[in-house]
Asks: 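The structure's right below; bear with me while I get my questions together.
Just so it is clear, the structure is predicted and the values come from calculations on it, not from any experiment. Whatever order the structure lists them in is the order used to number ligands and atoms, beginning at 1. When a residue number appears, it is its place in the shown sequence, counting from 1.
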Amino acid sequence: MGLIVQKYGGSSVADAESIKRVAKRIMETRRAGHEVCVVVSAMGDTTDELIDLAKQVSPILEGREYDMLLTAGERISMSLVAMAINSMGGDARSFTGSQAGVITDQSFNKARITSVTPGRLRAALDEGAITIVAGFQGVSETTKDITTLGRGGSDTTAVALAAALGADVCEIYTDVDGVFSADPRLVPKARKLNRVAYEEMLELAASGAKILHLRSVEYARRFHVPIHVRSSFSQHEGTWVRAKEEKVEGETVEQAIIAGVAHDTSEAKVTVVGVPDKPGVAAQIFRTIADAELNIDMVVQNISAAATGRTDISFTLPVGDGRRAITTLQKVQPMIAFEALLFDDQIAKVSLVGAGMKSHPGVTAVFFEALSNVGVNAEMISTSEIRISVVCRADVVKDAVAALHTAFGLDAEGGEAVVYGGTGR
Ligand code: ADP
Ligand code: ASP
Ligand code: MG
């Protein structure tokens, strides 16, 4: 007997039938003698639908009311899951993020969890109840306003609660059988990974593999929470995300050099053309961007094709921040004296991740050979110790991912990876 945190994603609670199926699964865990704390996402594509609705009434998609609106989705599913369990004879009680003690900073839309005070959850668990918590939301310690944790943030709610309650495991139930060597929606030959080290999972998540919210992995690593990613549609063992050093009983296979290939089509590229090539100018550009609270990803600087003595600086950022980056930079154009701004949202980032690459020479060569064999041009390149990423045209992302997947011997021999549900939205 132990304490298990289970998180069910949107596709696992997409409709009434799914909610009953999940309720049954939760009941089985409770009946096996475990204490169970459940975190739920909004049903299906509810969050996207709420965003579409917001767009119809306002051009401003941020701030207090926007976060309040988005938390509604999770409140619907938490109460329905609790009602389903109770109708099966269980004792379930639902809690909003705020009631569950999920305390955050005050940045709407991408709040960070600063502490968790799960007193009400603990009390309910002590009474033998199953607690059902609305994911993706918290309350600001200072303003007392309701906040959201960023898209996909229910994973982070689950890991944070697992840490605070001292759970034995945080199970993340989704619409695929675990973490694969590539997104199974893009690569049917993707292979399920039995285990992934936190470091690799961090790079995969940061590179666009939305199977886990990046912050949930950061949190799990910091608080040593083992994550088990698995499907709510099957009984298969999923993927264990845990520390590299941890020995798992019966495990003898040597860790692979490459964990997988991730892709991300959610970024855009801004190019500042004809920047005076002298010290301090790049600093001015990036200070301007930082002061506007825009997060950038990759950066490259090239000799400008336009004129000598000038350079072009390109950077990538979330596509939704593109307009703000352009208007912010336009304001400082007279001061910095660059020539023009270009905006390109038809890009994709493709990344190869593997802890083994730091000790195996030749990975970079195979990487670029594979891309060139399918005619993919790398427009920007960035690396870490265990990752190589390139920016390419969005319309060749599937070819690029498939080519790398094959070149590094990741293609599964058996059948195709199963995607049980979800719309991939
Ligand atoms: P949930 O609603 O359960 O949180 P998400 O849609 O957020 O589910 O995440 C699951 C999806 O992540 C899968 O359906 C799959 O398309 C995508 N995905 C991207 N990269 C990977 C990967 N490496 N392994 C498994 N799934 C991945
Ligand atoms: N419902 C939120 C989203 O769609 C949070 C989550 O599912 O984790 O992003
Ligand atoms: Mg998710």
Side-chain angles (χ1 to χ4, degrees), residues 6-14 18 22 39-52 67 69-78 97 109-111 133-138 147-160 171-194 196 200-201 203-217 227 229-233 238-239 241 258-266 350-354 397 401 404-405 410 412 417-425:
Q6 300 188 326
K7 177 257 171 177
Y8 292 92
S11 50
S12 300
V13 292
S18 310
V22 159
V39 174
V40 286
S41 288
M43 294 170 69
D45 292 330
T46 300
T47 308
D48 290 294
E49 287 155 14
L50 290 172
I51 293 171
D52 291 344
D67 270 29
L69 171 72
L70 296 195
T71 61
E74 271 68 12
R75 292 174 187 227
I76 296 172
S77 42
M78 72 172 191
N109 234 328
K110 47 175 187 297
V133 180
F136 168 63
Q137 55 182 272
T147 53
T148 61
L149 309 180
R151 297 305 306 272
S154 297
D155 298 334
T156 301
T157 306
V159 174
E171 296 182 333
I172 303 283
Y173 285 93
T174 184
D175 52 17
V176 289
D177 276 317
V179 181
F180 284 71
S181 53
D183 185 344
R185 284 180 207 272
L186 206 69
V187 182
K189 279 182 173 304
R191 175 193 294 261
K192 191 184 79 189
L193 309 174
N194 292 328
V196 194
E200 288 174 321
M201 196 60 235
E203 293 278 10
L204 286 169
S207 305
K210 69 167 184 166
I211 182 80
L212 284 176
H213 194 228
L214 175 60
R215 281 195 188 148
S216 73
V217 190
I227 301 179
V229 182
R230 57 195 309 196
S231 168
S232 70
F233 299 81
T239 302
V241 184
I258 301 299
V261 185
H263 72 283
D264 189 352
T265 50
S266 70
V350 176
S351 306
L352 181 77
V353 174
V397 64
V401 173
L404 292 171
H405 201 265
L410 300 172
V418 183
V419 178
Y420 298 93
T423 59
R425 190 172 173 185

Asks: Show the numbers, then the answer: is there a salt bridge (Lys or Arg N to Asp or Glu O under 4.0 Å) between Lys210 and Asp155?
Replies: CA-CA 10 Å; Lys210 69 167 184 166; Asp155 298 334; over 6 Å; no
Asks: With backbone taken as N, CA, C and O and side chain as the heavy atoms from C-beta onward, which portion of Pro184 lies under 4.0 Å from ligand 1: side chain, backbone, both, or neither?
Replies: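 Within the 4.0 Å criterion, Pro184 contacts ligand 1 through side-chain atoms alone.
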Asks: With sequence neighbours excluded, tell me which residues meet ring pair (Phe, Tyr, Trp, His ring centres under 6.0 Å) with Tyr8.
Replies: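 Only Tyr173 meet the ring pair (Phe, Tyr, Trp, His ring centres under 6.0 Å) criterion with Tyr8.
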Asks: Closest non-hydrogen protein atom to atom 23 (N) of ligand 1, residue and atom name please, with distance?
Replies: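 Here the nearest protein heavy atom works out to Phe180 O, 3.0 Å.
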Asks: To check your reading of the model: name the closest protein heavy atom to atom 11 (C) of ligand 1, its residue, and the distance in Å.
Replies: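 Result: Asp175 OD1, 4.0 Å.
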Asks: Passes side chain to side chain contact (heavy atoms under 4.5 Å, CB included), Lys7 versus Ser12? Steps please.
Replies: CA-CA 10 Å; Lys7 177 257 171 177; Ser12 300; over 6 Å; no
Asks: Can you find a non-hydrogen atom of Ser41 under 4.0 Å from ligand 1?
Replies: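 Ser41: no contact with ligand 1 (<4.0 Å).
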Asks: Does Gly178 come within less than 4.0 Å of ligand 1, judged by its heavy atoms?
Replies: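 True for this residue.
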Asks: Look at the side chain of Thr148 and the backbone N and O of Phe136, then say whether any donor-acceptor pair between them is shorter than 3.5 Å.
Replies: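 Between the backbone of Phe136 and the side chain of Thr148 there is no qualifying donor-acceptor contact (under 3.5 Å).
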Asks: Tell me whether Val176 reaches ligand 1 (any heavy atom closer than 4.0 angstrom to a ligand atom).
Replies: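 In this structure, Val176 qualifies as a contact of ligand 1 - some heavy atom is under 4.0 Å.
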Asks: So which protein heavy atom does atom 21 (C) of ligand 1 come closest to, and at what separation?
Replies: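 So the nearest neighbour among protein heavy atoms is Asp183 CA, 3.7 Å.
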Asks: Calculate, to the nearest 0.5 Å, the distance between atoms CZ and CD1 belonging to Arg151 and Ile51 respectively.
Replies: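 Between Arg151 CZ and Ile51 CD1, I get 4.5 Å after rounding to 0.5 Å.
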Asks: So, the side chain of Ser216 versus the backbone of Thr156: is there a donor-acceptor pair under 3.5 Å, distance only?
Replies: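 Absent.
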Asks: What protein heavy atom sits nearest atom 3 (O) of ligand 1, and how far off is it?
Replies: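 So the nearest neighbour among protein heavy atoms is Thr174 OG1, 2.7 Å.
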Asks: Tell me, which residues have any heavy atom less than 4.0 Å from some atom of ligand 2?
Replies: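 Shell around ligand 2 (4.0 Å, heavy atoms): Ser41, Ala42, Thr47, Glu74, Phe136, Arg151, Gly152, Gly153, Ser154.
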Asks: Which heavy atom in Ala182 sits nearest to a heavy atom in Ala190, and how many Å separate them?
Replies: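 Smallest heavy-atom distance, with atoms named: O-CB, 3.4 Å.
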Asks: Provide, to 0.1 Å, the distance between atom 2 (O) of ligand 1 and the closest protein heavy atom, together with that atom's residue and name.
Replies: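 The answer is Gly10 N, 3.2 Å.
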Asks: Note the single closest protein heavy atom to atom 7 (O) of ligand 1, along with its residue, its atom name and the distance in Å.
Replies: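 Residue, atom and distance for the closest contact: Lys210 O, 3.5 Å.
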Asks: Is the shortest heavy-atom distance from the side chain of Met201 to the side chain of Ile211 under 4.5 Å?
Replies: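 Met201 vs Ile211: side chains touch.
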Asks: Does the residue Lys7 have a heavy-atom contact with ligand 1, meaning some pair of atoms that are separated by less than 4.0 Å?
Replies: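 It does, in that a heavy atom of Lys7 comes within the 4.0 Å cut-off of ligand 1.
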Asks: Could you check if a side-chain atom of Glu203 sits within less than 4.5 angstrom of a side-chain atom of Ser351, using non-hydrogen atoms only?
Replies: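 No, every pair of side-chain atoms sits at 4.5 Å or beyond.
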Asks: Looking at Asp67 and Asn109, what are the two nearest heavy atoms and their distance?
Replies: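 So the minimum-distance heavy-atom pair works out to OD2-N, 2.8 Å.
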Asks: Would you mind running through ligand 1 and noting each atom that sits below 4.0 Å from a heavy atom of Ala209?
Replies: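 Within the 4.0 Å cut-off of Ala209, ligand 1 contributes 20 (N).
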Asks: What's the shortest heavy-atom distance between Asp177 and Ser231, and which atoms?
Replies: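 Closest approach of Asp177 to Ser231: OD1-CB, 3.3 Å.
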Asks: Using distance alone, decide if ligand 1 has a nitrogen or oxygen within less than 3.5 Å of any nitrogen or oxygen in Arg185.
Replies: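 Between Arg185 and ligand 1, an N or O pair is found under 3.5 Å apart.
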Asks: Consider ligand 1: state whether an atom of it lies below 4.0 angstrom from any non-hydrogen atom of Gly260.
Replies: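 Gly260 does not count as a contact of ligand 1 under the 4.0 Å cut-off.
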Asks: If the cut-off is 4.0 Å to any non-hydrogen atom of Val179, which atoms of ligand 1 fall inside it?
Replies: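 Near Val179, the atoms of ligand 1 are 24 (N).
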Asks: Could you tell me whether the side chain of Gln137 reaches within less than 4.5 Å of the side chain of Thr157, counting heavy atoms only?
Replies: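 Answer no - side chains too far apart.
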Asks: For a 4.5 angstrom cut-off between non-hydrogen side-chain atoms, does His213 reach Ile172?
Replies: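 The answer is no, as the side chains (C-beta and beyond) never meet within the 4.5 Å cut-off.
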